[in-house]
Structures are given as structure tokens and as C-alpha cells.
Colleague: 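My structure is below; once you've seen it, I'll send some questions.
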Amino acid sequence: MESYENLLAAVAAPEGGRPVADPATGEEIGRAPEHGAEDLERAVAAARAAQPAWEALGHEERSRLLNAAADAVDRSAEALALLISREQGKPLNGPGSRFEAGGVAAWLRAAAATPLAPERVLDDESGQATLTYRAAGLVGAIGPWNWPALIASWQFGPALRMGNAVVMKPSEDTPLTVLALAAIVNRVLPEGVLTVLSGDGGLGAALAAHPAFDKIMFTGSTRTGKAIAASSAGNLPRLTLELGGNDPGIVLPDADPAAIAEDLFWGAFINTGQTCAALKRLYVHESVHDGVVEALAEVAARMPMGPGVEEESMLGPLTTAEQFRIVDGLVEQARAAGGRLVTGGDPDRGAPGRFYPATIVTGLPADAGLVVEEQFGPALPVLPYTDLDEAVSQANALDVGLGASVWSGDVERAKRVAARIEAGTVWINKHGTLHPMVPFGGVKGSGYGLEFGVEGLKAVAVPQVIAA
């Protein structure tokens, strides 16, 4: 079993570089290398040189190597999980860093196992036509800081499976995790097919605008996604943009508050609320509103918050100082506007760790900042409604549409409501649960393109029709 110290030493800059601190303590854990334009050019050249031979290996051999990469992740999973906890902040346990490290291996194996056979689209007296998919070529991927290892695997796993070479740029807030993951999987992959470069936003902008890339993948904010789409336009690479969300949930009057409370809680507070497809605003029928609020508060009261490396922690710190400021500001704005903090709020603003208590707020108008702005943290507004049509209208009112959920004792009724919601995914009696075989993507300001499953493989390939 690999040690955390050895894994960190393999990727951290021996001197200089960008300091990376533990968000739970403020302690520096290491320094990330600062790559620049020359490093990008070298990575591009190596990837372009390696890609044809990688594609020529064929699906079976590439899948074998992806499975070997997943085995390598399993062997280093505990060290990787500890690095995630120290750099990003999420707890080791629950839906935390051990869950994330295990998810990397699972998603790599899913990418290897997903079939994508040629499709006969025409076969009659007029002729035959077969639709196939081949590698796009060179894929550039830019990742976020909230699930750094897992989302990296969502990007490079399918891309490698389809025969592409990949150059990745992780968030400057969590570079060590992605550098470490690449070091692990590159023990079994051919040289040059996967390269991770660590740097600031300027490096990401250079990657997005580089003419060598045939496909760009980005997970992050809507604002940055728009900038990437604009900067890449001159080169016309294919794009997958998984952007911000402000996911609504609608609780119908027949829901049982006690039965749904824990799933509601984790739908909103997984990763301390720092998840694109987390539940971020909850509309509850007035007949069960108070019961849902009370049950949520009870769950929040028994979820310990602390440093990610402590085994008992279930909620961790906010990863960045900027995110702490945003959450704190929105909650204080809600309080000033007459919102009632049922639980949470009032963080220790002078502490070295960026801990913000799980916060539930009621009594807000539909246009409150905490409702209409993506808080991306542990603060959930709960709003009562009487008319379902109005609740659906409020759910659809914002220019985002990543996920949503409907909660009811009548699943068929919930499905009918779900069909009226403008979101890429609508869950029933759960929120934010992803599966490697189920396509995932957003609408409106939440971006476009699909990841996971067969559709995810197609998204990192180019279609070709052979007609006779």
C-alpha cells in the first residue's frame, strides 16, 4: 500500500511553486509546480506523437489498460483519499474522499466496459450505412476543485477509452490531487497519452484556445464556460461544458418528512454543499413545510463537522476563502432580509479553518439572493408553496438547469411533475446520485454535452458514416 508521504513527494514541487494549504487548518501541505506556455507546448507535442499508436491499440487493449489503471488507483486509494482530504477538505468517511477515490476506480472500469458497437442505420434495397465512432484526437480537459480526482476521471477515462490523448489542467486550488492521480495511472499507461499541467487561469485559457485540441472538456462556473466557448471558437473544437447549477427540489404534500429528511440533507450538503448538482433551493408544500424543516434540522444537528482527516467528521471546511465569503455573505443577507436561521450560521470568522455550519433558512422571498444565486456551500433555503404550478414556475425561473428533484409518496405523480422541470436530470426521492452508465449534462446556463455511459463515449469521439 502506497504511503501518503510518498505519493505527495512524487508530485509536489521540490522548491518554488504554488503553496497549497489544508482548508481545515491553514497549514501548507505542499507546493504545486507552476507550468506555463512552454510546458503546454511540450505536452501537446508528446500527446500528438503518442495518440496514433494509442488509438491503434484498439478498444480491447485500451480497456485492458484502463482496468489496470483502476487497479493501480485501488492500490493507492488510501493515500489518494488522504491527499484529497488535506487539499480539498472533504472528510475521509461518508460521501467523502474514500468515496471519491473509490469512485475514480469504478468510473475507469465503467469507461472500459461500456460497449460502443457500430450501428447499422440503413439496410434496405437502397443500400447500407453504418455509423461508427473514432477518436477525436487530442482532448484538453479543465477541471474544478470540488471533486478534483473524480471529475478528472470522468474526463480522461472515456477520452482514453476512445483512443484520444489527453492534456489536463486542474484547478489551481486542488492541483496536487490530480497530479497524484495522473502519476498513479501513468504507471500503466503509455507515455504521453495523459499529461497533467498545474497552473493558474492563464494556463487554462491557453489550453482552451490552443489550435491543437480537437475536443475541450470543462467543468466549472458558467462564467468561465462562456469564456472557454468564446476563446475556442476560432478552432472549432467539440465542447463538453458542465457548468454551474442552482438545483431546485419540490416536496409534494404526500411526502413523509421523516422518511425523506436524510436523503434531502445529503442531496443538499454532500461535500459541504460544494457540488454542482447539489440541492440548492427547496420548495415544500405548506402542509408539510414545518415537518420537513424540523426533520432536516435534526439530521443537521447530528452530522459532525471537522477536519477531513478526522475519522468522525461527516462535513468538512469550505475549500476556498472566496467560497467561504460567498456563503457567509448570502446567509447574512438573508438574515438581514428577515430570513429565519433554523440552524447554522454564525461561523467563527477568525479561525484558521474555513468551517461554515450546516445552515437551513426559512422565511425568504422567492427572489432572495440565497435562492436565486448559487451558494455552492452548506446553506439551504426552504420555501413554502401552496400552488404546485407556482412551485414549478419558480423551479424553472432561473437561467440554469443542471439537476432537480421531486419528493413524493406517489412515484408516478412525481414523474409527471419532473417532466415539467427544465433540467438535464430530475431525480425522484433522491438528489444528485450519479451512475456511470446514466448520461449526465445540463441545459440553459448549465452548459451542454453529455458525460457517462455510451453517450459519454460518443461525446469524446467523432462520428463517421460508411455508406455503400
Colleague: Do Leu264 and Leu279 have side chains that get closer than 4.5 Å, going by heavy atoms?
Modeller: yes
Colleague: Donor-acceptor pair, Arg281 side chain versus Gln394 backbone, under 3.5 Å?
Modeller: yes
Colleague: Counting only heavy atoms not in Arg120, do more than 12 sit closer than 6.0 Å to its CZ atom?
Modeller: yes
Colleague: Determine the sole option in His59, Arg134, Lys458 for which the side chain to side chain contact (heavy atoms under 4.5 Å, CB included) test with Met162 is passed.
Modeller: His59
Colleague: Give a yes or no answer on whether the side chain of Lys280 reaches the backbone of Cys276 with a donor-acceptor pair at less than 3.5 Å.
Modeller: yes
Colleague: For residues Thr177 and Ala149, report the shortest heavy-atom separation together with the two atoms involved.
Modeller: CG2-CB, 3.7 Å
Colleague: Kindly say whether the aromatic ring centers of Trp107 and Phe452 come within a distance under 6.0 Å.
Modeller: yes
Colleague: Please determine, by modelled atom types, if Thr174 and Glu87 share a side-chain donor-acceptor pair under 3.5 angstrom.
Modeller: no
Colleague: With side chain to side chain contact (heavy atoms under 4.5 Å, CB included) as the criterion, how do Ser232 and Leu239 come out once you've worked through the C-alpha distance, each side chain's angles and the decisive distance to 0.1 Å?
Modeller: CA-CA 9 Å; Ser232 67; Leu239 297 177; 3.8 Å; yes
Colleague: What do the steps show when you test Val73 against Val185 for side chain to side chain contact (heavy atoms under 4.5 Å, CB included), and what is the final call?
Modeller: CA-CA 7 Å; Val73 172; Val185 300; 3.8 Å; yes
Colleague: Distance check, rounded to the nearest 0.5 Å: Ile360 atom CD1 versus Phe269 atom CZ?
Modeller: 5.0 Å
Colleague: Give a yes or no on whether the backbone of Pro237 and the side-chain of Asp214 come within a donor-acceptor separation of less than 3.5 Å.
Modeller: no
Colleague: Go through the side-chain N and O atoms of Asp247 and His431 and say whether any donor and acceptor fall under 3.5 Å apart.
Modeller: yes
Colleague: Taking only residues two or more places apart in sequence or in another chain, which ones pass ring pair (Phe, Tyr, Trp, His ring centres under 6.0 Å) with Trp407?
Modeller: none
Colleague: Provide the closest heavy-atom pair for Ala277 versus Phe440 in the form atom of the first, atom of the second, distance.
Modeller: CB-CZ, 3.9 Å
Colleague: Working note: Thr130 + Leu122, criterion side chain to side chain contact (heavy atoms under 4.5 Å, CB included); need CA distance, chi angles, decisive distance, verdict.
Modeller: CA-CA 7 Å; Thr130 302; Leu122 177 67; over 6 Å; no
Colleague: Once you round to the nearest 0.5 Å, how far does CG of Asp263 lie from CD1 of Ile260?
Modeller: 8.5 Å
Colleague: Given side chains that start at C-beta, do those of Gln375 and Leu370 come closer than 4.5 Å, heavy atoms only?
Modeller: yes
Colleague: Considering only NZ, NE, NH1 and NH2 on the basic side and carboxylate oxygens on the acidic side, decide whether Glu172 and Arg18 come within less than 4.0 Å.
Modeller: no
Colleague: Donor-acceptor check, side chain of Thr359 to backbone of Ala379, threshold 3.5 angstrom: yes or no?
Modeller: no
Colleague: Do you know which two heavy atoms are closest between Ala395 and Ile250, and how far apart they sit?
Modeller: CB-CD1, 4.2 Å
Colleague: Can you tell whether the side chains of Asp74 and Arg109 come within less than 4.0 Å, N to carboxylate O?
Modeller: yes
Colleague: What's the verdict on side chain to side chain contact (heavy atoms under 4.5 Å, CB included) for Leu138 and Val167, showing C-alpha distance, side-chain angles and the deciding distance?
Modeller: CA-CA 8 Å; Leu138 182 56; Val167 177; 4.3 Å; yes
Colleague: OH of Tyr4 to OG of Ser76: how many Å apart, nearest 0.5 Å?
Modeller: 14.0 Å
Colleague: Enter the distance from Ser393:OG to Ile421:CD1 here, rounded to the nearest 0.5 Å.
Modeller: 11.5 Å
Colleague: Do NZ/NE/NH1/NH2 and the carboxylate oxygens of Glu311 and Arg98 come within less than 4.0 Å?
Modeller: yes
Colleague: Centre-to-centre under 6.0 Å for Trp154 and Phe218, is that the case here?
Modeller: no
Colleague: Quick one: does any side-chain atom of Asp22 pair with a main-chain N or O of Ala24 as donor and acceptor, under 3.5 Å?
Modeller: yes
Colleague: Please set out all donor-acceptor pairs under 3.5 angstrom arising from side-chain atoms of residues 41-50, sequence neighbours excluded.
Modeller:
from: Glu41; atom 1: OE1; to: His210; atom 2: NE2; distance (Å): 3.3
from: Glu41; atom 1: OE2; to: His210; atom 2: NE2; distance (Å): 2.9
from: Arg42; atom 1: NH2; to: Asp39; atom 2: OD1; distance (Å): 2.8

Colleague: Between Glu322 and Arg354, is there a salt bridge with N-O shorter than 4.0 Å?
Modeller: no
Colleague: Of all heavy-atom pairs between Gly157 and Leu108, which one has the smallest distance, and what is that distance?
Modeller: CA-CD2, 3.8 Å
Colleague: Find out whether Arg238 and Val460 are in side-chain contact, i.e. whether some heavy atom of one side chain is under 4.5 Å from a heavy atom of the other.
Modeller: no
Colleague: Backbone N or O of Ala209 within a donor-acceptor pair of the Asn235 side chain at under 3.5 Å?
Modeller: yes
Colleague: So which of Val139, Thr195, Asn164, Leu181 actually passes side chain to side chain contact (heavy atoms under 4.5 Å, CB included) with Phe156?
Modeller: Leu181
Colleague: Does NZ or CZ of Lys430 fall inside the cone over Trp266's six-membered ring, less than 6.0 Å from its centre and within 45° of the axis?
Modeller: no
Colleague: Consider only side-chain N and O atoms of Ser408 and Asp254, and report whether a donor and an acceptor are under 3.5 Å apart.
Modeller: yes
Colleague: Apply side-chain hydrogen bond (donor to acceptor under 3.5 Å, both in side chains) to the pair Lys169 and Ser198, showing each step before the final yes or no.
Modeller: CA-CA 6 Å; Lys169 190 267 176 191; Ser198 169; over 6 Å; no
Colleague: Do the charged groups of Arg187 and Glu2 touch, with an N to O distance under 4.0 Å?
Modeller: yes
Colleague: Return the minimal non-hydrogen interatomic distance between Val371 and Leu398, and the atom names on each side.
Modeller: O-CD1, 4.0 Å
Colleague: Please tell me if the side chains of Pro175 and Pro170 come closer than 4.5 Å, counting only heavy atoms from C-beta onward.
Modeller: yes
Colleague: Please tell me if the side chains of Leu296 and Val292 come closer than 4.5 Å, counting only heavy atoms from C-beta onward.
Modeller: yes
Colleague: Check whether any side-chain heavy atom of Met437 lies under 4.5 Å from a side-chain heavy atom of Thr114, and answer yes or no.
Modeller: yes
Colleague: Verify the distance criterion only: is there a donor paired with an acceptor across the side chains of Ser221 and Thr224 at less than 3.5 Å?
Modeller: yes
Colleague: Spell out, as yes or no, whether a donor-acceptor pair under 3.5 Å connects the side chain of Glu451 to the backbone of Gln155.
Modeller: no
Colleague: Ignoring hydrogens and geometry, is there a side-chain-to-backbone donor-acceptor pair from Asp410 to Arg413 under 3.5 Å?
Modeller: yes
Colleague: Compare every heavy atom of Ile428 with every heavy atom of Ala418, then report the nearest pair and how far apart it is.
Modeller: CB-CD1, 4.0 Å
Colleague: Between Lys444 and Asn396 (side chain of the first, backbone of the second, donor and acceptor by atom type, cut-off under 3.5 Å), is there such a pair?
Modeller: yes
Colleague: For Ala81, does its backbone N or O pair with a side-chain atom of Ser97 as donor and acceptor, under 3.5 Å?
Modeller: yes
Colleague: Do Glu262 and Glu298 have side chains that approach each other closer than 4.5 Å (heavy atoms only, starting at C-beta)?
Modeller: no
Colleague: Against Gln274, only a single residue in Leu318, Thr320, Val327 fulfils side chain to side chain contact (heavy atoms under 4.5 Å, CB included); can you say which?
Modeller: Leu318
Colleague: Can you tell me how far the CD1 atom of Ile216 sits from the CG atom of Leu207, to the nearest 0.5 Å?
Modeller: 5.0 Å
Colleague: So, Thr319 versus Gln88: side-chain donor-acceptor pair below 3.5 Å or not?
Modeller: yes
Colleague: With sequence neighbours left out, write down each residue that passes side-chain hydrogen bond (donor to acceptor under 3.5 Å, both in side chains) with Arg420, or none if nothing qualifies.
Modeller: Asp389
Colleague: Tell me whether the count of non-hydrogen atoms from other residues, nucleotides or ligands lying under 6.0 Å of CD in Glu60 goes above 12.
Modeller: no
